[in-house]
Amino acid sequence: MAQVNQNYLKLKDGYLFQEISRRVRLFQEANPQCNIIHMGIGDVTLPLTPKVIESFQKGVNEMGDITTFKGYGPNFGYEFLRNAIKENDYTKRFAHVEVDEIFITDGAKCDTGNILEIFGMNNKIAISDPIYPVYIDSTVMSGRTGVCNENGYYENIVYMPCTEENSFLPIIPNEIIDIVFLCFPNNPTGVTANQAYLQKWVDYAIENNVVILYDSAYEAYISESNIPHSIYEIKNARKVAIEFRSFSKTAGFTGTRCAYTVVPKELLVTDETGKKFALHTFWTRRQATKFNGVSYPVQRAAAAVYTIEGQKEIKEMIAYYMDNAKILKATMEKLGFKVYGGINAPYIWVKTKNNQKSWDFFDFLLKKQNIVCIPGFGFGPAGEGFVRFSSFAKRENVLQAVERLNQTNFI
Ligand code: MLT
């Protein structure tokens with residue numbers, strides 16, 4: 001009889017956002033009259049912008065015309081999109097990335113999970129706590145961990161606690177590691193990293209042969225001018241870092257699906273004998289075998305993001321969400337909560353009062369005011385005592401939530 005991948009048996013609970021949906025659905029079924037406001041999963045609510053839709057539709061029309069129809073596209077993405085990414089996301093920011101180092105894919109979530117396939121099984125992986133749960137779950141699924149202990153920590157992962165004391169910035173571990181996941185602007189804390197901080201990580205990675213897996217899915221939300229948007233703005237990062245980006249939050253593509261991963265050719269790793277290999281070759285091989293690319297109309301839609309009109313439109317969209325973040329942050333602060341994030345990221349990270357457990361806060365807010373947030377513990381044990389609010393809701397819902405929050409007697 002076939003056997004399961006037993007690593008899946010080590011996973012605790014369901015995937016965080018699925019678990020939240022399950023609990024919210026049960027509550028809604030039991031209370032159909034309640035009008036629930038969703039500020040849990042970071043899912044966008046504004047429609048695709050006019051320029052993006054125009055380009056999307058043109059792409060669809062081309063697929064219906066025998067003279068412009070396309071079958072399989074290039075595995076790694078159409079040149080028109082890769083060129084636009086190189087020019088706008090990197091060259092304009094003085095970061096060096098080659099077109100053939102950009103791999104167009106259907107999501108940063110998939111890529112941050114799939115990337116582990118091209119690394120040896122003995123690599124020691126360091127991950128922030130709390131963090132976007134995909135990094136931990138994918139590491140467990142890949143068989144690189146032991147079991148989860150009663151405190152919520154898996155054996156063989158090096159956890160980097162992100163707390164108020166270290167401004168939620170992971171500290172370089174003392175023990176030897178081979179791979180580190182970094183995410184800035186951070187999900188869930190909403191904090192971000194400056195040039196000097198990132199340079200320390202890159203220097204450390206070079207000295208210690210560590211690969212940085214850098215998730216910058218929220219870079220478009222950076223509002224402070226001195227904050228790097230890409231790890232490649234940091235000197236020598238090409239030698240040690242892979243970067244993940246997405247159009248999901250940048251341009252409202254959560255339901256449309258388009259993202260990209262950059263693997264620089266200079267990034268080398270070794271086999272057991274010490275022989276060096278370029279990771280670029282391995283990711284190229286992996287994608288060529290297992291991925292058939294993103295559909296042509298979607299790539300056309302993504303390319304429109306880089307036009308003058310497209311840029312103007314997505315900036316307005318981002319400003320709308322960031323105004324939501326400001327409103328939520330101000331409200332929670334007025335109610336006496338300590339609030340982080342919301343300046344360079346669409347998430348606010350709120351400290352509960354009197355050490356209230358994050359799942360208790362979640363339950364209380366859902367039942368009492370029909371508002372969904374995400375309990376910090378779901379992002380890792382060090383997230384206990386915090387909850388995350390997403391600012392991707394519609395403005396009228398944010399204002400309605402503010403009214404409800406103002407009427408709430410928090411413990
Ligand atoms: C989140 O809420 O953290 C994100 O929306 C989840 C995701 O991007 O997969």
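Remember, it's 1-based here, ligands and their atoms both numbered in the order they're listed.
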Q: Could you list the residues that satisfy ring pair (Phe, Tyr, Trp, His ring centres under 6.0 Å) with Tyr347, not counting sequence neighbours?
A: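 Only Tyr218 meet the ring pair (Phe, Tyr, Trp, His ring centres under 6.0 Å) criterion with Tyr347.
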Q) With sequence neighbours excluded, what pairs up with Phe119 under the ring pair (Phe, Tyr, Trp, His ring centres under 6.0 Å) test? A)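 Result, ring pair (Phe, Tyr, Trp, His ring centres under 6.0 Å) vs Phe119: none returned.
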Q. What about Tyr15: any of its N or O atoms under 3.5 Å from an N or O on ligand 1?
A.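 No, Tyr15 has no N/O under 3.5 Å of an N/O on ligand 1.
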Relative to ligand 1, is [X] under 4.0 angstrom through side chain, backbone, both or neither, heavy atoms considered?
| X | result |
| --- | --- |
| Phe392 | neither |
| Asn187 | side chain |
| Tyr347 | side chain |

Sub-4.5 Å side-chain heavy-atom contact between [X] and [Y]:
| X | Y | value |
| --- | --- | --- |
| Lys249 | Tyr321 | no |
| Arg82 | Tyr260 | no |
| Val262 | Ser230 | no |

Q | Matching residue for Ile157 among Ile177, Ile127, Asp129 - test: side-chain contact (heavy atoms from CB on, under 4.5 Å) | A | Ile127
Q) Which residue holds the protein heavy atom closest to atom 8 (O) of ligand 1, what is that atom called, and what is the gap in Å? A)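 It is Lys249 NZ, 2.9 Å.
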Q | Phe379 near ligand 1 by a heavy-atom separation under 4.0 Å | A | no
Quick check on contacts: which atoms of ligand 1 are under 4.0 angstrom from a heavy atom of [X]?
| X | result |
| --- | --- |
| Tyr132 | 6 (C), 7 (C), 8 (O), 9 (O) |
| Ile41 | 2 (O), 5 (O) |
| Tyr218 | 4 (C) |
| Phe17 | 1 (C), 2 (O), 3 (O), 6 (C) |

Q | ring pair (Phe, Tyr, Trp, His ring centres under 6.0 Å) evaluation trace for Phe184 with Tyr197 | A | CA-CA 11 Å; Phe184 293 113; Tyr197 172 84; 5.8 Å; yes
Q. After noting the C-alpha distance and the side-chain angles of Phe337 and Phe410, does the key distance pass the ring pair (Phe, Tyr, Trp, His ring centres under 6.0 Å) rule?
A. CA-CA 10 Å; Phe337 288 93; Phe410 290 99; 4.9 Å; yes
Q | The one among Gly42, Ser246, Gly40 that brings a heavy atom closest to atom 2 (O) of ligand 1 | A | Gly42
